[in-house]
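Values below: every heavy atom of this structure, side chains too, minus hydrogens, waters and symmetry copies.
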Amino acid sequence: MIKTPLELRHLLTLNALAQVGTLSKAAEMLHVTQSALSHQLMALEAHYGGELFVRKSNPLRWTPIGERLLALAQTVLPTVQAAERDIVRLHQPNVGPLRIAVECHTCFDWLMPAMDAYRQDWPEVELDIVSGFHADPVGLLDNHSADFAILTEAQDDPSIVQVPLFRYEVVAVLANDHPLGKKAILQASDFAKDTLITYPVPESMLDIYRQLLQPAGIAPAKRTAQLTVALLQLVASRRGIAALPAWAVESYVQKQYIQTRRITKKGLYATLYVAIRQADAEKAYLQAFAELLKQNCVKELIGIELL
């Protein structure tokens with residue numbers, strides 16, 4: 001029998017590294033430390049007598065050894081995952097609908113690709129989004145109008161299970177010629193004399209109000225827009241300023257449509273949560289969707305921290 005140091009965890013590491021391009025993000029995706037992944041890779045390199053990828057290459061460049069092991073991972077892992085899903089189906093043959101309620105206007109860009117990927121693995125699940133933005137997604141879970149919710153704030157409700165999805169930074173969004181662009185960091189007082197452009201939701205649901213403006217006693221003029229692109233157009237036209245997730249506006253910054261600034265020296269951070277009913281907590285197809293969301297977010301979004 002051929003002796004090999006290869007284990008399933010090594011193949012998972014190689015596959016994650018290929019998907020996200022950096023060791024730190026691969027560690028986040030796999031819920032392990034970066035040091036642990038480094039030791040795995042060094043052990044493989046010692047055994048096979050060469051590097052698996054070119055260090056400090058951007059984008060990541062695989063060596064011939066690395067390419068061959070990656071090809072093995074991409075062959076083996078789908079078969080293993082398919083077998084695991086089949087075994088789950090033997091224990092839980094009856095799957096139900098998966099209706100998603102969203103309390104986050106900026107979530108749809110990364111939610112839709114995750115749903116597409118999920119359909120490939122769980123084609124028997126009836127996947128749908130409960131139409132529109134919802135100010136009370138937990139209420140939809142409670143009355144069985146939704147099965148899965150994405151929340152902007154943890155709720156005190158013993159009937160649901162809540163799991164942190166990821167932490168992210170909220171940044172100030174400014175027109176390219178806005179005077180506040182001369183400052184490296186904005187404080188609460190910088191929002192006082194301008195119009196704050198937000199989504200049409202209660203102020204209590206917006207982190208800029210909860211964490212910064214309300215404690216400082218500041219109530220700027222406000223204007224709302226339903227769509228992110230409309231909101232950013234108003235900002236770019238000097239109709240006001242906004243506070244949005246850094247990952248939601250990065251592509252617009254790269255295209256130089258707008259500019260962003262950090263809010264306070266420590267930054268303004270927020271967390272998204274996923275929630276399901278307590279009674280459904282053990283359902284594998286719901287757990288699988290939550291895990292796939294995390295993996296997709298690590299791949300697609302900048303500046304987030306999985307929790």
Side-chain angles (χ1 to χ4, degrees), residues 1-87 109-110 113-114 116-118 120-121 163-169 171 245-251 253-255 260 262 267 269 272 287-307:
M1 180 179 291
I2 298 176
K3 292 185 177 181
T4 175
L6 277 176
E7 299 176 15
L8 190 60
R9 63 192 178 106
H10 297 131
L11 301 183
L12 289 168
T13 294
L14 294 170
N15 190 57
L17 189 56
Q19 289 183 12
V20 298
T22 68
L23 206 58
S24 60
K25 279 196 170 186
E28 278 192 76
M29 177 181 287
L30 298 173
H31 312 299
V32 298
T33 66
Q34 185 172 334
S35 175
L37 292 197
S38 293
H39 281 95
Q40 285 185 32
L41 295 171
M42 287 190 292
L44 291 178
E45 289 175 335
H47 176 80
Y48 291 109
E51 291 188 338
L52 304 183
F53 59 92
V54 179
R55 296 304 194 265
K56 297 183 179 180
S57 56
N58 187 17
L60 185 72
R61 287 195 294 117
W62 296 92
T63 65
I65 296 173
E67 285 181 345
R68 183 62 188 89
L69 291 176
L70 176 60
L72 175 64
Q74 292 173 339
T75 299
V76 171
L77 291 178
T79 303
V80 172
Q81 291 162 356
E84 289 183 329
R85 287 193 296 271
D86 289 341
I87 292 169
D109 285 348
W110 52 261
D116 287 341
Y118 182 81
Q120 296 177 29
D121 292 340
V163 180
L165 183 56
F166 61 79
R167 182 172 180 259
Y168 62 93
E169 186 170 5
V171 294
W247 49 263
V249 298
E250 176 62 20
S251 63
V253 173
Q254 291 180 352
K255 295 175 182 176
T260 60
R262 172 166 262 201
Y269 289 90
L272 287 180
Q287 295 175 351
F289 186 66
E291 183 58 31
L292 189 147
L293 271 185
K294 287 191 173 188
Q295 294 180 9
N296 191 73
C297 289
V298 171
K299 288 189 291 183
E300 301 294 334
L301 305 180
I302 65 154
I304 70 166
E305 176 188 353
L306 286 186
L307 299 171

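Atom-to-atom distance recorded for Leu6:CG and Leu72:CG is 6.5 Å, nearest 0.5 angstrom. Between atom CG of residue Leu70 and atom OG1 of residue Thr75 there is a gap of 9.0 Å, rounded to the nearest 0.5 Å. Atoms CZ and CD1, on Phe166 and Ile304 in that order, are 5.0 Å from each other to the nearest 0.5 Å. Between Thr13 atom OG1 and Leu37 atom CG the span is 4.5 Å, to the nearest 0.5 Å.
Using a distance-only test at 3.5 Å, with no hydrogens or angles considered, a donor-acceptor pair links the side chain of Thr63 to the main chain of Glu51. With Asn296 contributing its side chain and Pro113 its backbone, the two residues share no donor-acceptor pair below 3.5 Å. A donor-acceptor contact shorter than 3.5 Å links the side chain of Glu28 to the backbone of Leu306. Side chain of Arg55 to backbone of Phe53: a donor-acceptor contact under 3.5 angstrom is found.
Across Met29 and Ala16, no two heavy atoms sit closer than the pair SD-CB, 3.8 Å. Minimum interatomic distance between Gln40 and His10 (heavy atoms only, all atoms of both residues): OE1-CD2, 3.6 Å. Looking at every heavy atom in both residues, Val20 comes nearest to Ala26 through CG2-N, 3.4 Å.
Counting heavy atoms of neighbouring residues, nucleotides and ligands inside a 6.0 Å radius, atom CZ of Arg68 does not exceed 12 of them. Counting heavy-atom neighbours within 6.0 Å of His47 NE2, excluding the residue itself, gives a total above 12.
Donor-acceptor pairing under 3.5 Å is recorded for the side chains of Gln254 and Glu250.
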